[in-house]
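First comes the structure, then the notes that go with it.
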Amino acid sequence: ILPWGACEAHNYHLPYGTDNYETEALVFEAARLAWEQGSKVVVLPTIPMGVNTGQSDIYMTLNMNPSTQQSILEDVAESLTGYGLDKLLVVNGHGGNDFRQILREVGAAFPDMFLATCNWFQSVDQGKIFEKGGGHADEMETSLMLHTWPELVKPLGQAGAGKARKFSVEALNESWAWSERKWTRATDDTGIGDPRKATPETGEQYFKEVTAKLSRLFISLAETGEDDLYI
């Protein structure tokens with residue numbers, strides 16, 4: 001299991017490494033649950049930087065290009081195959097990362113290794129737990145951090161409202177068309193979604209639901225052989 005995050009601004013109240021803290025906490029707990037069920041999953045060190053090309057003008061946001069991510073994954077895959085491991089799951093914790101096309105190329109170079117990726121933040125319906133949506137330094141992320149790393153969260157009175165501006169081209173606000181957002185033009189405080197209703201209690205509920213779902217994925221991948229992947 002390879003956790004992958006980012007280093008970027010998260011409104012005024014969350015640390016730059018929020019994606020890494022969240023992803024590690026979720027993956028470690030999910031792996032613990034999987035081990036309790038007899039699945040011997042191995043958690044690799046978290047990659048702490050991700051794709052942040054749209055935030056290059058925000059102080060100390062660190063960008064890692066997709067081509068660099070591919071090189072890292074190729075090196076990791078090469079190391080793992082040398083030890084006889086033949087499955088690698090990238091657990092993504094940053095919306096700017098998209099490993100699907102990268103895994104196609106890495107998979108072509110290592111055809112004997114099963115490669116997969118998942119976005120933990122898409123695994124559970126957030127609308128059933130949180131009142132305010134968003135997607136970045138919002139109620140969900142703030143609640144999750146209040147549960148896992150409360151000492152790193154500043155008072156919510158210091159947080160911005162997380163108001164974001166949409167594209168003036170309507171299709172770019174829909175799922176079938178896409179363009180990268182320029183963060184400083186789309187937001188005032190780097191947040192998307194109002195975080196001020198966040199609580200440790202909703203963070204704990206979300207944490208438990210996501211880790212339960214991740215652990216089931218870990219167990220299924222560990223128990224499924226190459227000849228049983230398709231039914």
Side-chain angles (χ1 to χ4, degrees), residues 4-20 22-23 26 47 49-70 90-105 116-145 156-199 202-203 205-206 209-210 213:
W4 206 305
C7 180
E8 60 177 353
H10 275 74
N11 203 316
Y12 303 133
H13 64 293
L14 294 180
Y16 270 55
T18 289
D19 294 343
N20 305 318
E22 293 170 334
T23 304
L26 291 163
I47 307 297
M49 291 177 287
V51 178
N52 287 99
T53 49
Q55 292 114 304
S56 59
D57 55 345
I58 297 175
Y59 181 71
M60 290 305 292
T61 292
L62 303 180
N63 174 59
M64 179 181 287
N65 288 326
S67 55
T68 307
Q69 292 181 315
Q70 180 174 331
V90 180
V91 179
N92 178 37
H94 171 56
N97 295 334
D98 187 346
F99 293 101
R100 290 173 295 179
Q101 301 302 333
I102 293 173
L103 291 186
R104 291 178 189 269
E105 291 205 45
T117 185
C118 68
N119 298 324
W120 62 257
F121 47 86
Q122 295 177 328
S123 64
V124 171
D125 184 355
Q126 298 179 21
K128 294 181 179 180
I129 302 175
F130 304 107
E131 181 178 338
K132 301 287 187 180
H136 187 69
D138 57 356
E139 182 183 348
M140 179 277 283
E141 283 204 288
T142 303
S143 296
L144 187 56
M145 287 293 289
L156 296 185
Q158 299 182 26
K163 183 178 180 180
R165 288 174 283 278
K166 296 182 178 181
F167 284 107
S168 58
V169 178
E170 186 58 33
L172 294 176
N173 298 312
E174 301 170 1
S175 60
W176 64 281
W178 178 88
S179 179
E180 184 176 45
R181 286 177 290 199
K182 297 300 181 185
W183 223 248
T184 51
R185 298 181 66 183
T187 71
D188 294 325
D189 48 35
T190 75
I192 298 179
D194 193 339
R196 292 173 292 185
K197 290 186 177 293
T199 67
T202 53
Q205 179 184 351
Y206 185 67
E209 292 193 22
V210 173
K213 200 157 188 178

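Residue numbers start at 1 and run along the sequence shown.
- The two residues Ala171 and Ala177 come nearest to each other via the heavy atoms O-CB, 3.3 Å.
- Note that CD of Gln158 is 11.5 Å distant from OH of Tyr12, once rounded to the nearest 0.5 Å.
- For the residue pair Ala164 and Thr187, the shortest heavy atom distance occurs at CB-CG2, 4.4 Å.
- Put simply, CZ on Arg181 and CD on Gln55 are 8.5 Å apart, with the number rounded to the nearest 0.5 Å.
- Annotation: side chain of Glu141 is in contact with side chain of Asp19 (closest heavy-atom distance under 4.5 Å).
- Within the structure, every pair that satisfies the ring pair (Phe, Tyr, Trp, His ring centres under 6.0 Å) test and touches residues 163-187, not counting sequence neighbours, is listed here: His136-Trp183.
- Between the side chain of Asn20 and the main chain of Ala6, a donor-acceptor pair closer than 3.5 Å is present.
- Considering only heavy atoms from C-beta on, Phe121 comes within 4.5 Å of Gln126 through its side chain.
- Under the ring pair (Phe, Tyr, Trp, His ring centres under 6.0 Å) criterion, Phe99 pairs with Trp4, not counting sequence neighbours.
- A distance-only check finds no donor-acceptor pair linking the side chain of Asn92 to the backbone of Asn119 [under 3.5 Å].
- Side-chain atoms of Thr142 and Asn11, non-hydrogen and from C-beta on, never get closer than 4.5 Å to each other.
- Rounded to the nearest 0.5 angstrom, Leu26 CG and Tyr206 OH are separated by 7.5 Å.
- Expressed to the nearest 0.5 Å, how far CZ of Arg104 lies from CD of Gln70 amounts to 13.0 Å.
- For the side-chain hydrogen bond (donor to acceptor under 3.5 Å, both in side chains) criterion with Glu8, the lone passing option out of Thr61, Asn52, Thr190, Asn63 is Asn52.
- The line from CD of Glu209 to CD of Gln205 is 5.0 Å long, rounded to the nearest 0.5 Å.
- Between Met49 and Thr68, the closest side-chain pair of non-hydrogen atoms is not below 4.5 Å.
- A 4.5 Å side-chain heavy-atom check between Pro15 and Met145 finds at least one atom pair inside the cut-off.
- At least one side-chain heavy atom of His13 sits less than 4.5 Å from a side-chain heavy atom of Leu156.
- With a 4.5 Å cut-off on side-chain heavy atoms, Glu131 and Thr202 do not count as touching.
- The main-chain N or O of Asp194 is never found under 3.5 Å from a side-chain atom of Lys132 such that the two would form a donor-acceptor pair.
- In this structure, CG on Asp189 lies 12.0 Å from NE2 on His10, to the nearest 0.5 angstrom.
- Within the 4.5 Å cutoff, the side chain of Ile58 has heavy atoms near those of the Tyr16 side chain.
- Residues Gly191 and Ala137 share a closest heavy-atom pair of CA-CB, 4.3 Å.
- Sorted by first and then second residue, the side-chain hydrogen bond (donor to acceptor under 3.5 Å, both in side chains) pairs involving residues 161-172 (not counting sequence neighbours) are Arg165-Asp188.
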